[in-house]
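One structure below.
What you are looking at is a predicted structure, and each value in this text was computed from that prediction instead of being measured.
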Amino acid sequence: MNRKANRLLIMTSRGIALALALGIVCPQGLQAQDNVPKYEVDPSWPKPLPDRWVTGMIGGICADVQDHVFVLNRHNLTDNELDAGHQAPPVIELDPEGNARWSKERRMTRI
């Protein structure tokens, strides 16, 4: 065998050995759970926002242990969107029934 073929054989055998070792050390993942929760869309949630609030793009959504949902508003509205209402605060808290319970106002100053 020439040197190139010998090198190819060694690399191939190392690759097979590595694949076997990984198969032993890292077994395949666990099976999916049988009783996965199913979710339904509630078209009545959330309720309309107060004071004709309009949101821009949503930067994030999270929930706490009391099922309150916090929506992070990016404030990137166009002039046409602002004609439809008032810009919503940067953070809006919604209770489990979908009512806006609390909002975090942020003072914006022009530089």
Side-chain angles (χ1 to χ4, degrees):
M1 288 178 123
N2 66 18
R3 192 172 186 170
K4 211 175 212 182
N6 195 17
R7 193 175 200 191
L8 181 61
L9 182 62
I10 290 172
M11 294 299 285
T12 305
S13 62
R14 284 183 182 171
I16 292 171
L18 179 63
L20 289 172
L22 285 175
I24 293 169
V25 174
C26 302
Q28 288 192 359
L30 299 174
Q31 296 289 331
Q33 296 177 358
D34 291 335
N35 54 353
V36 177
K38 296 190 181 199
Y39 298 95
E40 294 179 19
V41 174
D42 183 356
S44 65
W45 196 97
K47 295 192 173 52
L49 294 173
D51 300 326
R52 294 180 42 224
W53 284 352
V54 180
T55 63
M57 294 174 95
I58 302 300
I61 297 177
C62 60
D64 66 7
V65 295
Q66 294 142 350
D67 291 331
H68 287 221
V69 175
F70 296 85
V71 179
L72 305 175
N73 177 21
R74 289 198 172 165
H75 280 209
N76 55 343
L77 297 174
T78 65
D79 290 335
N80 291 338
E81 291 169 324
L82 285 173
D83 288 342
H86 303 287
Q87 190 168 42
V91 180
I92 303 167
E93 179 183 355
L94 301 167
D95 66 13
E97 290 77 37
N99 300 307
R101 301 278 301 172
W102 174 86
S103 66
K104 175 70 176 161
E105 294 289 343
R106 178 176 66 183
R107 293 183 188 251
M108 306 269 301
T109 58
R110 290 188 181 213
I111 296 175

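Not counting sequence neighbours, the partners of Asp95 by the side chain to side chain donor-acceptor pair (under 3.5 Å) test are Asn99.
Under a 4.5 Å side-chain heavy-atom cut-off, the cluster of Ile, Leu, Val, Met, Phe, Trp and Tyr residues that includes Met57 has no other member. Other members of the cluster containing Leu77 are Val54, Leu82, with ILVMFWY side chains joined at under 4.5 Å, either directly or via other members.
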Could you go step by step and tell me if Asn73 and Trp53 meet the side-chain contact (heavy atoms from CB on, under 4.5 Å) rule? CA-CA 11 Å; Asn73 177 21; Trp53 284 352; over 6 Å; no
Under the side-chain contact (heavy atoms from CB on, under 4.5 Å) criterion, do Val91 and Leu72 qualify, and how do the steps go? CA-CA 5 Å; Val91 180; Leu72 305 175; 3.7 Å; yes
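Of the inter-residue distances, the one linking His68 atom NE2 with Glu97 atom CD reads 7.5 Å to the nearest 0.5 angstrom. In this structure, CG on Leu94 lies 9.0 Å from CD1 on Ile61, to the nearest 0.5 angstrom. Note that CG of Asp51 is 14.0 Å distant from CD of Gln87, once rounded to the nearest 0.5 Å.
Closest of all the heavy-atom pairs between Ile92 and Ala100 is CG2-CB, 4.3 Å.
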